[in-house]
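Below is one structure, written out as structure tokens; comments come after it.
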Amino acid sequence: ISGSEKGIDIACKKLVEVGAKRVLRILVGGAFHSPLMQPAETELEKLIIETTFSDGICPIYQNVTATSTTSSNEIKRNLIKQLTSPVRWTQTMKQMITDGLTSVIEVGPGKVLQGLLKKIDRKLPTQSAHL
């Protein structure tokens with residue numbers, strides 16, 4: 001979940017009260033993917049609108065819709081919404097699998113996303129790439 005410090009504290013307490021086995025706070029730099037990011041979204045929107053985008057040459061999946069697109073206009077709209085919209089990562093990965101995804105390469109310093117993906121589909125081959 002994402003939100004204000006006070007809101008997160010209240011949510012964590014209520015989750016424990018209703019039987020959550022574990023409540024883990026993750027240290028992040030802001031209330032990303034929540035309405036609290038609206039001022040930043042407004043600023044980002046100005047920059048994205050001014051930026052030239054081309055239509056994609058392959059499907060582009062965005063967590064706002066959990067679907068693919070190649071439309072530059074749709075990609076722009078979704079990028080703007082990303083700051084204040086929930087991340088639909090599980091739905092996005094399930095859609096990619098439905099659409100024919102056969103393997104995943106995680107680019108970055110860890111294997112967090114590979115671990116999350118294994119909870120969705122244990123058989124899907126994954127690997128890491130470090131740049």
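The structure displayed is predicted, hence computed values, not measured ones. No hydrogens, no waters, no symmetry mates; every other heavy atom, side chains included, goes into these values.
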If you compare all heavy atoms of G3 against all heavy atoms of L36, which two are closest, and at what distance to 0.1 Å?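 In this case the closest contact between G3 and L36 is C-CD1, 3.4 Å.
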Closest approach of H33 and S85, non-hydrogen atoms and distance? CB-O, 3.0 Å
Counterpart residues, side chain to side chain contact (heavy atoms under 4.5 Å, CB included), relative to L101 (two or more places apart):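 Side chain to side chain contact (heavy atoms under 4.5 Å, CB included) list for L101, sorted by chain: M93, M96, I97, V104, L124.
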Residues that A20 engages under side chain to side chain contact (heavy atoms under 4.5 Å, CB included), provided they are two or more places apart: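 Only L15, V23 meet the side chain to side chain contact (heavy atoms under 4.5 Å, CB included) criterion with A20.
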Going by atom type alone, with no hydrogens or angles, which donor-acceptor pairs under 3.5 Å involve a side-chain atom of residues 53-62 and a protein atom two or more places apart or on another chain?
| unit_1 | atom_1 | unit_2 | atom_2 | d |
| --- | --- | --- | --- | --- |
| D55 | OD1 | S72 | N | 2.8 |
| D55 | OD1 | S72 | OG | 3.1 |
| Y61 | OH | D99 | OD2 | 2.6 |
| Q62 | OE1 | N78 | ND2 | 2.9 |
| Q62 | NE2 | I75 | O | 3.2 |

What pairs with T92 under side-chain hydrogen bond (donor to acceptor under 3.5 Å, both in side chains), at least two apart in sequence or on another chain? N63
Go through the structure and list residues passing side-chain hydrogen bond (donor to acceptor under 3.5 Å, both in side chains) with T126, not counting sequence neighbours. Q114
Would you mind reporting whether V87 and F32 have side-chain heavy atoms less than 4.5 Å apart? no
Counting only heavy atoms not in K76, do more than 12 fall under 6.0 Å of its NZ? yes
Filter on salt bridge (charged side-chain N to carboxylate O under 4.0 Å, His left out), then keep only pairs touching [range], sequence neighbours left out; what's left?
range	result
residues 104-129	none
residues 14-38	E5-R25, D9-R25
residues 31-52	E43-K46

Short side-chain donor-acceptor distance under 3.5 Å, T67 and T65: yes
